[in-house]
Amino acid sequence: MARRLAGFLVLLLVVSICEAAFLFQPISDSHRSTALELFTPDHGSFKSLEETYEALRTFQILGIEKKPDLTATACRSISETVGSSSSTAKDLFYALKANSIAECKIDKKASKGIISRLKAAVSGASSLLDFYYSVGGLVLIKDQSSEADVHLADAEGVFRSVKAFSQSDGRWRYSSNNPESSAFAAGIALETHAGIVSLASSEIDQSLISTLKNDIIKLFDSIEKYDDGALYFDDKLVDGHEYQGPVSTTSSVLRGLTAFAAVTAENLNLPGDKILGLAKFFLGIGVPGDAKDFFNQIDSLACLESNRVSIPLILSFPSTVLSLTRKDSLKVGVSTVLGSEVPSLTVKLVGAFSSGSKDASLVESQELNFDKTSGLHILNDLPKSIDVGSYTFVFEIVLHEPKHEEVYFKGSQTKVPISVTGLIKIENSEIAVLDSDLGSIESQKKLDLAGKNAISLSANHLQKLRLSFQLTTPRGRSFKPHQAFLKLRHESKVEHIFVVGNSGKQFEIVLNFLGLVEKFFYLSGKYDMELTVGDAAMENSLLVAIGHIELDLPEAPEKAPRPPPQPIDPYSRYGPKAEITHIFRAPEKRPPQELSLAFLGLTILPLLGFLIGLLRLGVNLKNFPTKPLPATFAVLFHVGIGAVLLLYVFFWVKLDLFQTLKILGFLGGILVFVGHRILSHLAAASAKLKSA
């Protein structure tokens, strides 16, 4: 039962977390610190210019000042790529992208060569990516140099060539040979079309622009939606090579959409809630841990920040948990997705509803006061109708200037889960033992549930136990917590948990021991009593020991159920064992020092006898080789024998058996080799003497 209680508490926590997930916060300092972690160059540079551009662009958008110095290495890579004749259109595209931020100096001659190569690539393009990289490179050159001649003579023809890859559902194919279409490719196509329009030497046929606008509307008809209102694009391609994931796909579409909206004078007629839904998607993914997803998130939010369709306004909340005890104020922030300031506006609280209730609003519509210092809209005092509990507050943004309605999208109304907490007043707490027949009070004692209790009661199976108390909110209303349990624990660790019911403010539980003897397994003895009252909105939730009760229950019948075996404490099974104290045997008594020295002398005597024997035999060096090579082998042989003898000494003094055997194996090999050579020499010399 205790495990079920723990599980219930976890469930409550999960529910509260899920509700909090519906809130969207603009970019914060956590994104800036993560950017520095994700975009760390390896030995001063990135693997490719694409990664270099993504790092530079991310640092630029987030306004990070203390960033790695990438300019020198970036300019070197850009110069090498621009100056190489083997660079592809993709290489030149990312080199120019990185240069748009690094602002490196590119040689005019090299720049003209790039223009001619990119124009040739446009003419020979056969796939969507070929057009994307070549047209995009020309657009970048145009943005970086006003003198460059990058205009497309047949821009309308190029426009039609790219449009040929489109599908009826608003998606695009990568090439005419690939039947699969994707939303990611649609984003690339829109960005490419925007580049073609900006490079056109004359105005593009408006019927083509209108057709492309219809494709955009069809594409947004296939957009997917989360329960929190976030909108995103995703491809269902089987080929994992082309699958990009919802973050990359949505980012591609958004970049293409904002780029095309920037070059066309016509309104795209996209509902503002679509743009707001995209903003919710990118804000709702939190702080990505992947560098590519992180860049796509930040770059997409930058597109939303400055797009010509509509700039979404985001409500943010420093806290969605308000305390009546501390008299917290309701604070609301309004900003763009990157946290920039917004035009003058008013935030209204238009409704407040109890969670899960469909009743009328608990509050009347009222404006929040704007604090210029903090930039927040504040409601200092919560309405009296708002008490401890969970609510859904409904907010509305009202722009002061009508012209801002065309630039910013505020949404209709925003629903936000708000939790109101407070100290719950606990009073009239008492526990009593009742007579089972008449219901008269046998014994009764007051409880202080906010303090310590040491109640001692006794009862038999013919009596009842009654526990009662009242809970009142700071507003004086009745309060029903998520959990109110009474637990009785026997001396044998057998536990029983009972739910405390309520009627209004009054909480009461009556235990009839006559009907519980079987559930108690007929176990008489001491039962500790513990009361649990808890709620997420209750600031003084309690888990208090009340005392104990001595129960006198009848003897168990033969077939009565037995108490379940209690779980073994894992700590006692897998925890550290008792320390083992080992007493070693006392060392043996050593012999006298004189006896040890005498024994040492006896062991040296054979060595002395060996040396005397050598002298008696007339050992000499007459046959020692005189030639350099045999003499060298003879010296090494004798040195090796001496080394072996010295090794024996070290074996007795310092080395162990394994170390000695390793060294002896090495010395033995040398001795075998040099010994064989010197003995062969001596045998040959002896044979020559005999033959002579």
Side-chain angles (χ1 to χ4, degrees), residues 1-10 12 424 426-436 439 441-471 481-502 506-535 538 540-556 560-573 575:
M1 192 72 175
R3 290 181 180 176
R4 293 179 183 175
L5 176 59
F8 182 65
L9 291 171
V10 171
L12 290 177
I424 302 301
I426 307 171
E427 53 190 359
N428 298 332
S429 307
E430 60 182 27
I431 189 168
V433 175
L434 308 177
D435 183 77
S436 180
I441 297 175
E442 183 79 16
S443 61
Q444 180 174 331
K445 295 187 178 181
K446 295 288 185 180
L447 296 174
D448 180 15
L449 296 182
K452 293 184 178 180
N453 298 275
I455 303 299
S456 178
L457 299 172
S458 61
N460 57 42
H461 66 288
L462 298 176
Q463 293 178 314
K464 299 178 182 179
L465 177 69
R466 183 182 69 190
L467 171 68
S468 61
F469 54 90
Q470 291 182 349
L471 298 179
H482 284 139
Q483 56 207 19
F485 302 106
L486 174 65
K487 179 164 68 176
L488 272 64
R489 184 190 298 111
H490 189 253
E491 299 168 311
S492 61
K493 306 301 181 183
V494 177
E495 295 182 350
H496 306 279
I497 298 179
F498 304 92
V499 177
V500 182
N502 76 301
Q506 185 72 19
F507 283 77
E508 183 178 276
I509 183 172
V510 178
L511 299 181
N512 186 353
F513 294 123
L514 182 60
L516 294 173
V517 288
E518 188 170 328
K519 184 176 181 179
F520 279 28
F521 306 107
Y522 296 90
L523 292 176
S524 299
K526 180 180 176 182
Y527 285 80
D528 293 324
M529 297 181 291
E530 189 177 81
L531 178 64
T532 301
V533 180
D535 192 283
M538 185 176 177
N540 55 334
S541 296
L542 56 92
L543 176 62
V544 59
I546 298 175
H548 70 273
I549 181 171
E550 287 281 348
L551 284 183
D552 182 15
L553 302 181
E555 292 292 331
R562 296 295 177 186
Q566 295 302 303
I568 300 175
D569 184 8
Y571 187 81
S572 64
R573 174 181 289 184

Find out whether Phe520 and Val494 are in side-chain contact, i.e. whether some heavy atom of one side chain is under 4.5 Å from a heavy atom of the other.
no
Does a side chain donor of either His482 or Asp535 reach within less than 3.5 Å of an acceptor in the other side chain?
yes
Heavy-atom check, side chain of Leu511 versus side chain of Phe498, under 4.5 Å:
yes
Minimal non-hydrogen separation, Gly534 against Ser541, with atom names
CA-OG, 3.5 Å
Is there a side-chain contact between Pro563 and Leu523 in this structure, where contact means two heavy atoms from C-beta onward sitting under 4.5 Å apart?
yes
Close side-chain approach of His490 and Phe521, heavy atoms under 4.5 Å
no
Mind checking what makes side chain to side chain contact (heavy atoms under 4.5 Å, CB included) contact with Leu449, not counting sequence neighbours?
Ile426, Ser429, Leu447, Phe469, Leu531, Leu542, Val544
Closest heavy-atom pair and its distance - Lys526, Glu550:
CB-OE2, 3.5 Å
Less than 4.5 Å apart, any side-chain heavy atom of Phe513 and any of Ile549?
yes
Checking Glu491 now: which residues fulfil side-chain hydrogen bond (donor to acceptor under 3.5 Å, both in side chains) with it, not counting sequence neighbours?
none
Do Gln463 and Asn512 have side chains that approach each other closer than 4.5 Å (heavy atoms only, starting at C-beta)?
no
Ignoring hydrogens and geometry, is there a side-chain-to-backbone donor-acceptor pair from Asn453 to Asp448 under 3.5 Å?
yes
Taking side-chain hydrogen bond (donor to acceptor under 3.5 Å, both in side chains) as the definition, give me every residue that meets it alongside Gln444, ordered by chain and number, with sequence neighbours left out.
Glu430
Run the numbers on Arg489 and Glu495 for salt bridge (Lys or Arg N to Asp or Glu O under 4.0 Å), then give the verdict.
CA-CA 4 Å; Arg489 184 190 298 111; Glu495 295 182 350; 3.1 Å; yes
Hey, does Leu457 have a side-chain heavy atom less than 4.5 Å from the side chain of Ser443?
yes
Do Ser468 and Phe507 have side chains that get closer than 4.5 Å, going by heavy atoms?
no
